[in-house]
*Asks:* 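Below you will find the structure I want to go over with you.
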Amino acid sequence: MASPSTHSLRGRPRFSKPRAQFLSFEQNRPIAANPLNKQKEGLMTIRYNPPTGWPQLGRPFHHGVIEPKGHVLHMTGQVAWDKAGNVIGDGDCETQVRQCFDNVENILKAVGGRLDDIVSLTVFYLDPADMPAIQKVRAERLRLEHGPVSILIQAAGLITPDLLVEVAPIAVIPDDRFHEPKY
């Protein structure tokens, strides 16, 4: 019988390393209290981590996010397609995650938003071996103090077999930066 750390579910391997080792990539420290997280007249997002929650280990996420006043933007799941519908990074999860975040950033910019405005992020991925690449790009694109609440879901497949990851964010664009899309 396989050990719990290598047991497969429907033929997919499970995590083979302890979860903290698997998910931490460079930093292994908790996020310090950040004065930027204080709500000012209802305009700023409050991001918090209760002391009873597990540590971030240098990853850009928070256990709780309270949306500020602003325009809530729900986005379609973004995959590694360019504007012509071509897959960017065939077989390369890190390149695909970068393209996903580029797509998200373009959607946000169209209404005055930026990546720091993301309050919730769901990531669908196929292979647990790709988690370090996903975490690396998240850490590059999402600032530690602005990390959203996050869900990671291992999926059996995505819309086409050449896609390895999909991100589905929700953002709140502050009123003072929001503008209607020009398309």
*Asks:* Is there a side-chain contact between V172 and H71, using heavy atoms and a 4.5 Å cut-off?
*Replies:*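 No, too far: nothing below the 4.5 Å cut-off.
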*Asks:* Just verifying a value: how many Å separate I107 CD1 and Q78 CD, rounded to the nearest 0.5 Å?
*Replies:*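 Separation between the atoms: 3.5 Å.
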*Asks:* Answer yes or no: is there a side-chain heavy-atom contact under 4.5 Å between F101 and E140?
*Replies:*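 The answer is no; the side chains never approach within 4.5 Å.
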*Asks:* State, yes or no, whether a side-chain contact exists between S150 and T122 at a heavy-atom distance under 4.5 Å.
*Replies:*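 No - every pair of side-chain heavy atoms lies 4.5 Å or more apart.
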*Asks:* If you measure from the Lys or Arg side-chain nitrogens to the Asp or Glu carboxylate oxygens, is any gap between D116 and R143 under 4.0 Å?
*Replies:*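 Looking at R143 together with D116, the answer is yes, because their closest N to O distance falls below 4.0 Å.
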*Asks:* With R141, which residues qualify under salt bridge (charged side-chain N to carboxylate O under 4.0 Å, His left out), at least two apart?
*Replies:*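 For R141, the residues satisfying salt bridge (charged side-chain N to carboxylate O under 4.0 Å, His left out) (neighbours in sequence not counted) are D102, E105.
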*Asks:* Let's go through I170 and L73 carefully: what are the C-alpha distance in whole Å and the side-chain angles of both, what is the deciding distance for side chain to side chain contact (heavy atoms under 4.5 Å, CB included) to 0.1 Å, and is it a yes or a no?
*Replies:* CA-CA 6 Å; I170 299 172; L73 173 62; over 6 Å; no
*Asks:* Is the closest side-chain heavy-atom distance between I118 and L142 below 4.5 Å?
*Replies:*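 When only atoms from C-beta onward are counted, L142 and I118 do touch, with a gap below 4.5 Å.
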*Asks:* What pair of heavy atoms forms the shortest contact from L108 to M75, and how long is it?
*Replies:*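 Looking at all heavy atoms of both residues, the closest pair is CD2-CE, 3.7 Å.
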*Asks:* Taking all atoms of both residues into account, what is the closest heavy-atom pair of G112 and H179, and its distance?
*Replies:*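 Looking at all heavy atoms of both residues, the shortest contact is N-NE2, 3.2 Å.
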*Asks:* Looking only at non-hydrogen atoms, find the nearest pair between G89 and T95 and report the distance.
*Replies:*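 Between these two residues, the closest heavy atoms are CA-CG2, 3.6 Å.
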*Asks:* Take E166 and T76 through the test side chain to side chain contact (heavy atoms under 4.5 Å, CB included) and record every step on the way to the result.
*Replies:* CA-CA 10 Å; E166 179 173 342; T76 295; 5.8 Å; no
*Asks:* In terms of hydrophobic clusters joined by side-chain contacts under 4.5 Å, are W81 and I88 together?
*Replies:*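 No, it is not one cluster - the side chains of W81 and I88 are not joined through contacts under 4.5 Å.
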*Asks:* For residues C100 and V167, report the shortest heavy-atom separation together with the two atoms involved.
*Replies:*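 Shortest heavy-atom separation between C100 and V167 comes out as CB-CG2, 3.7 Å.
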*Asks:* If I take atom CD from residue Q96 and atom CG from residue L126, how far apart are they, to the nearest 0.5 angstrom?
*Replies:*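 Nearest 0.5 Å value for the CD-CG distance: 8.5 Å.
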*Asks:* Quick one: does R138's side chain get under 4.5 Å of L121's, heavy atoms only?
*Replies:*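 The answer is yes; the side chains approach within 4.5 Å.
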*Asks:* Near I153 CD1, under 6.0 Å, is it more than 12 heavy atoms from other residues, nucleotides or ligands?
*Replies:*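 Atom CD1 in I153 is packed in, count exceeds 12.
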*Asks:* Given side chains that start at C-beta, do those of C93 and D127 come closer than 4.5 Å, heavy atoms only?
*Replies:*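 No, too far: nothing below the 4.5 Å cut-off.
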*Asks:* Any side-chain heavy atom of V111 within less than 4.5 Å of one from R177?
*Replies:*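 With C-beta onward as the side chain, the pair stays apart.
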*Asks:* Is V165 close to V123 at the side-chain level, that is, under 4.5 Å between some pair of heavy atoms?
*Replies:*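 With C-beta onward as the side chain, the pair touches.
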*Asks:* Which atoms form the tightest heavy-atom contact between P128 and Q154, and what is the distance?
*Replies:*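 Scanning both residues, the minimum pair turns out to be CD-NE2, 3.4 Å.
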*Asks:* If you look at every heavy atom in G91 and L164, which pair is closest and at what distance?
*Replies:*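 Distance-wise, the nearest heavy atoms are C-CD1, 3.7 Å.
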*Asks:* Evaluate the criterion side chain to side chain donor-acceptor pair (under 3.5 Å) for residue pair N103 and Q99; output intermediate values, then yes/no.
*Replies:* CA-CA 6 Å; N103 294 346; Q99 182 65 42; 2.8 Å; yes
*Asks:* Which distance, rounded to the nearest 0.5 Å, do you find between the CZ of F124 and the CD1 of I159?
*Replies:*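 These two atoms lie 12.5 Å from each other.
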